[in-house]
Amino acid sequence: MSGTRGTRVLVLNSGSSSVKYQLLDMGDGGRLALGLVERIGEQSSRLKHTPLATGGEAREWTGPIADHDAALKAVAEELARDGLGLDSPELAAIGHRVVHGGQTFTEPTVIDEAVLAEIERLIPVAPLHNPANLTGIRTARALRPDLPQVAVFDTAFHTTMPESAARYAIDVETADAHRIRRYGFHGTSHAYVSRETAKLLGKDPSEVNVIVLHLGNGASASAVRGGTCVDTSMGLTPLEGLVMGTRSGDMDPAVIFHLMRVGGMSTDEIDTLLNKKSGLIGLCGDNDMREIRRRIDEGDERAQLAFDIYIHRLKKYIGAYCAVLGRVDAIAFTAGVGENAAPVREAAVAGLEQLGLLLDAELNAVRGDEPRLISPANSRVAVAVVPTDEELEIATQTYALVGEESN
């Protein structure tokens with residue numbers, strides 16, 4: 001970094017009706033503030049802001065926030081109240097989470113008009129996410145046109161997949177014409193967790209083969225060889241792969257034709273079914289793993305079946321990625337379910353002793369915020385719980401890139 005540039009990075013994650021944000025100081029990696037604006041465009045919009053730097057109480061208010069421009073201005077006002085305003089010379093850059101970068105963006109990228117145009121061109125393969133990401137970027141650039149702004153792409157970490165993993169077995173010309181291939185998502189999480197897992201083992205990422213299981217309401221698995229992704233469970237969209245909170249994951253594509261021909265459903269109705277009414281919520285009516293486990297403890301058979309289907313799919317991917325990698329040094333559980341649901345970790349590993357997977361029941365039962373091993377000391381494959389930190393990963397990549405650009 002040049003001597004005149006600050007050490008703070010604001011990370012923005014703009015959704016269709018929300019903005020999540022964190023302000024980090026890259027000098028020491030500390031968080032200065034974080035917050036969420038939700039229900040943008042409604043009369044009951046809500047902003048919650050936590051000033052971590054001052055140790056103050058979280059501030060929350062509700063009221064109409066018309067659009068993302070108003071939302072970011074409200075965020076700027078909250079930060080300014082803590083002496084952390086967007087006009088601060090300490091602010092080095094703004095890092096934006098962008099869901100889809102296609103094959104074009106393989107690493108963090110300083111945003112200019114050409115970058116914006118390409119993100120917009122990718123909207124057909126990310127219709128729910130890229131438009132919201134673009135809105136957040138354009139609003140932030142209008143507020144601070146002088147400040148470097150960086151796009152960090154969810155898909156970038158997975159662009160190293162070989163063609164044998166990335167291509168679908170459909171007509172090549174048709175696939176290329178419509179940019180149909182497996183892109184993968186949750187890339188910032190998989191990158192961060194695979195690297196932190198290597199650190200936990202006391203090794204360089206280049207020496208370690210890791211299976212990362214990002215288990216939240218959205219869920220994905222990746223096979224990482226020597227720090228490089230070679231396969232991942234999500235595909236053209238985040239619908240493919242594991243059973244998720246509301247998404248079906250892997251399914252015979254002919255089910256769609258059957259629902260159209262026999263069920264009389266439209267493409268929009270099927271889209272809604274598979275993305276919002278399937279997965280755990282479709283199987284048992286709940287997508288919160290804590291509630292599902294509570295129901296199982298009470299003898300609820302639908303909840304038990306949903307859990308069993310979830311675990312069955314998870315085991316299939318663990319086994320598949322053991323085959324893809326050949327040698328597995330560690331499996332890392334992360335995200336909301338992966339970090340907190342000990343029964344999920346126990347069930348996912350149970351019966352896989354021949355693959356070198358063992359759990360220590362006492363270690364698995366411990367809750368904590370730090371990366372930790374939950375396998376016995378003599379286990380051939382380390383099993384770890386590694387809390388993800390996508391905001392820190394975005395801030396780190398943003399700060400490093402802006403430093404390079406300024407040199």
Would you check if the side chain of [X] reaches a backbone N or O of [Y] as a donor-acceptor pair within less than 3.5 Å?
X	Y	value
Asn209	Asp329	no
Ser266	Glu269	yes
Arg247	Gly218	no
Ser222	Thr232	no
Ser88	Glu90	yes
Ser233	Ala221	yes
Asn364	Asp360	no
Ser379	Ser375	no
Ser278	Leu273	yes
Gln304	Ile292	no

Does any non-hydrogen side-chain atom of [Y] lie less than 4.5 Å from one of [X]?
X	Y	result
Ile40	Val19	yes
Ile94	Leu147	yes
Phe185	Thr155	yes
Leu239	Ser248	yes
Leu91	Arg144	yes
Arg141	Leu116	yes
Gln397	Val150	no

Run the salt-bridge test on [X] and [Y] with the 4.0 Å N-O cut-off and return the result as yes or no.
X	Y	value
Glu120	Arg138	yes
Arg182	Asp231	yes
Asp389	Arg31	yes
Lys73	Asp67	no
Glu163	Arg181	yes
Glu207	Lys203	no

For [X] and [Y], which heavy atoms make the closest approach, and how far apart are they?
X	Y	answer
Arg295	Ala303	CB-CB, 3.7 Å
Leu213	Ile331	CD1-CG2, 3.8 Å
Ala306	Leu283	CB-CB, 3.7 Å
Leu143	Leu86	CD1-CD1, 4.3 Å
Trp61	Ala74	CZ2-CB, 4.1 Å
Ala58	Pro51	CA-CD, 4.3 Å

Distance, nearest 0.5 Å, that separates [atom1] of [X] from [atom2] of [Y]:
X	Y	atom1	atom2	result
Arg261	Ile256	CZ	CD1	11.5 Å
Leu34	Lys48	CG	NZ	9.0 Å
Asp28	Leu32	CG	CG	7.5 Å
Ile270	His258	CD1	NE2	10.5 Å

For side-chain contact (heavy atoms from CB on, under 4.5 Å), just list the numbers for Leu363 and Leu373, CA-CA rounded to whole Å, side-chain angles, deciding distance to a tenth of an Å, and then say yes or no.
CA-CA 8 Å; Leu363 293 176; Leu373 294 176; 5.7 Å; no
Hey, is [atom1] on [X] packed in by over 12 heavy atoms from elsewhere, all under 6.0 Å?
X	atom1	answer
Lys315	NZ	yes
Glu346	CD	no
Asp252	CG	yes
Glu298	CD	yes
Arg327	CZ	yes

Chi angles and distances behind the side-chain contact (heavy atoms from CB on, under 4.5 Å) call for Phe333, Leu215
CA-CA 7 Å; Phe333 289 89; Leu215 308 179; 4.0 Å; yes
What's the verdict on side chain to side chain donor-acceptor pair (under 3.5 Å) for Glu38 and Ser45, showing C-alpha distance, side-chain angles and the deciding distance?
CA-CA 6 Å; Glu38 57 185 352; Ser45 305; over 6 Å; no
Is a donor from one side chain sitting under 3.5 angstrom from an acceptor on the other, for [X] and [Y]?
X	Y	value
Ser206	Asp204	yes
Gln149	His96	yes
Thr388	Ser189	yes

Derivation of the side-chain contact (heavy atoms from CB on, under 4.5 Å) call for Thr62 and Ser44:
CA-CA 6 Å; Thr62 58; Ser44 60; 5.7 Å; no
For Asp288, give me all partners under salt bridge (charged side-chain N to carboxylate O under 4.0 Å, His left out), at least two apart in sequence or on another chain.
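Testing Asp288 for salt bridge (charged side-chain N to carboxylate O under 4.0 Å, His left out), a comparison that skips the adjacent residues, returns Arg290.
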By salt bridge (charged side-chain N to carboxylate O under 4.0 Å, His left out) - contacts of Arg97 (at least two apart):
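Arg97: salt bridge (charged side-chain N to carboxylate O under 4.0 Å, His left out) contacts with Asp154.
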May I have the step-by-step check of side chain to side chain donor-acceptor pair (under 3.5 Å) for Tyr168 and Glu240, ending in yes or no?
CA-CA 12 Å; Tyr168 290 109; Glu240 186 181 357; 2.6 Å; yes
Kindly indicate, with the supporting measurements, whether the criterion side chain to side chain donor-acceptor pair (under 3.5 Å) is fulfilled by Ser220 and His186.
CA-CA 7 Å; Ser220 59; His186 294 146; 2.7 Å; yes
Would His100 and Tyr183 count as a ring pair (Phe, Tyr, Trp, His ring centres under 6.0 Å) here? Give the steps.
CA-CA 8 Å; His100 217 307; Tyr183 294 101; 4.5 Å; yes
Pairs under 3.5 angstrom only: tabulate donor-acceptor contacts from the side chains of residues 193-200 to other protein residues two or more places apart or in another chain.
unit_1, atom_1, unit_2, atom_2, d
Ser194, OG, His190, O, 2.8
Ser194, OG, Ala191, O, 3.0
Arg195, NH1, Glu393, OE2, 3.4
Arg195, NH2, Glu393, OE1, 2.5
Glu196, OE2, Lys199, NZ, 3.1
Thr197, OG1, Val193, O, 2.7

Give the ring-plane orientation class for Tyr310 versus Phe307, where under 30° counts as parallel, over 60° as perpendicular and anything between as tilted.
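Parallel: the ring planes of Tyr310 and Phe307 meet at under 30°.
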Can Met244 and Asn287 be said to form a side-chain contact (heavy atoms from CB on, under 4.5 Å), step by step?
CA-CA 8 Å; Met244 304 175 224; Asn287 62 330; over 6 Å; no
